[in-house]
Amino acid sequence: IKTIGILTSGGDAPGMNAAIRAVTRSAIFSGFSVKGIYRGYRGLITNEIVDFKTQNVSNIIQMGGTILKTARCKEFQTPEGRQLAYDTLRQHGIDALVVIGGDGSLTGARIFATEFNFPIIGLPGTIDNDLYGTDKTIGYDTALNTIMECVDKIRDTATSHERLFFIEVMGRDAGFLALNGAIASGAEAAIIPEISTEVDQLAELIQNGFRKSKNSSIVLVAESPVTGGAMALAERVKNEYPGYDVRVSILGHLQRGGSPTASDRILASRLGAAAIDALLDDQRNVMIGISNDNIVYVPFSKAIKNDKPINRELLDTLRRLSI
Ligand code: F6P
């Protein structure tokens with residue numbers, strides 16, 4: 001391997017720039033050439049590739065988003081699209097890829113790597129924290145802090161008006177942001193997809209009289225067809241329990257922005273450097289993760305489409321602290 005291509009794909013996440021910087025600089029440190037691929041897999045199809053030197057990644061560690069831009073590329077999901085991508089890689093002499101992204105991006109990486117026997121290392125970049133085999137994903141901590149700050153603000157108005165707020169947070173099919181966001185912001189409850197099919201979380205909350213000792217309440221709801229989302233839950237409360245003064249707030253894409261926290265910058269730097277170690281170590285088609293503060297290699301097949309379990313102790317903690 002002489003030349004390594006790097007791209008970011010799928011939803012952006014704070015810390016992706018720190019990861020781009022770490023991969024680029026570690027690669028150059030070890031004697032590789034680096035090429036930056038713009039707009040994710042789309043850039044491989046449309047040939048948007050530039051040489052990356054250490055200066056290309058100066059002054060970006062503190063920036064949210066991704067300087068390489070990102071996309072969700074439908075064409076890469078077709079064999080014809082992937083063939084075009086492969087041709088571009090050959091044309092640029094790129095003989096390994098580092099892909100920074102979430103579940104969908106690593107799924108694409110896995111298919112491509114198998115189809116063309118091409119070495120790819122994945123880095124978990126998503127605010128959702130839903131990749132199996134890593135304790136944290138790049139961007140998750142920043143998004144969690146953003147959620148916490150937003151909920152702190154909403155609490156001021158919730159308390160003043162004595163209202164019940166349903167605050168919807170991102171996470172796709174996972175409840176990590178909702179559950180940990182609820183604990184960090186002192187919310188009364190979190191409604192998450194992981195247990196939505198087990199219990200009617202809303203009915204349970206109301207029956208337990210979750211406003212017993214309080215004149216306002218905040219419930220974090222994970223976006224997901226399984227929870228139904230904050231709007232649907234608020235409608236249900238209005239119909240079934242008309243005594244509550246209910247409001248909804250959907251935090252949306254502001255959760256994806258902002259300067260990465262120290263924790264995300266450090267995680268991205270470690271994982272980025274480890275991606276190059278992995279290539280030097282002849283690793284192929286693995287995601288670099290962190291487990292108990294150690295770098296781990298997780299095969300793509302395990303990292304994706306594998307439900308990462310939530311820690312049930314957190315649910316219990318939230319329940320005990322919200323009385
Ligand atoms: O995967 C990251 C994420 O922000 C999810 O939490 C969310 O469901 C989705 O991306 C939104 O995607 P888009 O920005 O394409 O609407």
Side-chain angles (χ1 to χ4, degrees), residues 7-19 38-43 63-66 68-77 99-110 122-134 136-151 166-182 184 190-194 196 220-233 248-261 264 267-268 271 287 289 300 303-308 310:
L7 62 83
T8 49
S9 164
D12 62 329
M16 279 186 163
N17 282 325
Y38 282 83
R39 299 181 176 79
Y41 295 121
R42 187 182 299 158
M63 288 164 50
T66 158
L68 283 175
K69 315 287 183 200
T70 186
R72 301 190 194 279
C73 178
K74 285 260 173 280
E75 219 184 330
F76 194 73
Q77 291 174 16
V99 171
I100 309 170
D103 193 85
S105 309
L106 298 189
T107 302
R110 183 188 178 206
L123 293 185
T126 166
I127 64 165
D128 301 336
N129 197 31
D130 59 350
L131 288 163
Y132 190 88
T134 185
K136 295 277 158 60
T137 56
I138 297 164
Y140 170 65
D141 185 67
T142 307
L144 200 50
N145 276 281
T146 301
I147 290 168
M148 182 184 74
E149 285 164 22
C150 291
V151 177
F166 287 100
I167 303 177
E168 185 174 300
V169 301
M170 282 185 168
R172 204 175 287 273
D173 301 314
F176 298 101
L177 286 169
L179 179 54
N180 287 291
I191 296 193
I192 57 172
E194 287 84 347
S196 283
L220 261 64
V221 183
E223 62 163 6
S224 153
V226 186
T227 64
M231 283 290 192
L233 288 169
V248 170
S249 188
I250 297 174
L251 298 188
H253 285 79
L254 66 83
Q255 295 165 90
R256 289 233 297 261
S259 178
T261 57
D264 268 331
L267 177 67
L271 298 183
M287 178 190 82
F300 285 153
I304 54 184
K305 306 281 170 258
N306 205 341
D307 282 343
K308 182 172 173 178
I310 52 150

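All figures in this text were calculated on a predicted structure; none of them were measured in a lab. Counting starts at 1 for both ligands and their atoms, in listed order.
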Nearest-neighbour protein heavy atom for atom 15 (O) of ligand 1, which is reported as residue plus atom name and distance
Arg72 NE, 3.0 Å

Does any N or O atom in Met170 lie less than 3.5 angstrom from one in ligand 1, N or O only?
no

Counting from 1, what ligand 1 atoms have a heavy atom of Glu223 closer than 4.0 Å?
5 (C), 6 (O), 7 (C), 8 (O)

Tell me: protein heavy atom nearest atom 9 (C) of ligand 1, and distance?
Arg172 NH2, 3.6 Å

How far is atom 2 (C) of ligand 1 from its nearest protein heavy atom, and which residue and atom name does that atom have?
Asp128 OD2, 3.3 Å

Residue pair Asp128, Thr137: steps toward the side-chain contact (heavy atoms from CB on, under 4.5 Å) verdict
CA-CA 8 Å; Asp128 301 336; Thr137 56; over 6 Å; no

Residue from Asn180, Thr126, Thr261, Asn145 passing side-chain hydrogen bond (donor to acceptor under 3.5 Å, both in side chains) with Tyr140:
Asn180

Does His253 come within less than 4.0 angstrom of ligand 1, counting non-hydrogen atoms of the residue?
yes

Please verify whether a non-hydrogen atom of Gly171 lies at under 4.0 Å from ligand 1.
yes

Taken to the nearest 0.5 Å, the spacing of Leu177 CG from Asp130 CG works out to 9.0 Å

State, without any angle test, whether Asp264 and Thr142 hold a side-chain donor-acceptor pair at a distance under 3.5 Å.
yes

Return the minimal non-hydrogen interatomic distance between Ile167 and Leu251, and the atom names on each side.
CG2-CG, 3.7 Å

Does a donor on one side chain and an acceptor on the other come within less than 3.5 Å for Thr70 and Asp12?
no

Could you find the nearest protein heavy atom to atom 11 (C) of ligand 1 and give me its residue, atom name and distance?
Arg256 NH1, 3.6 Å

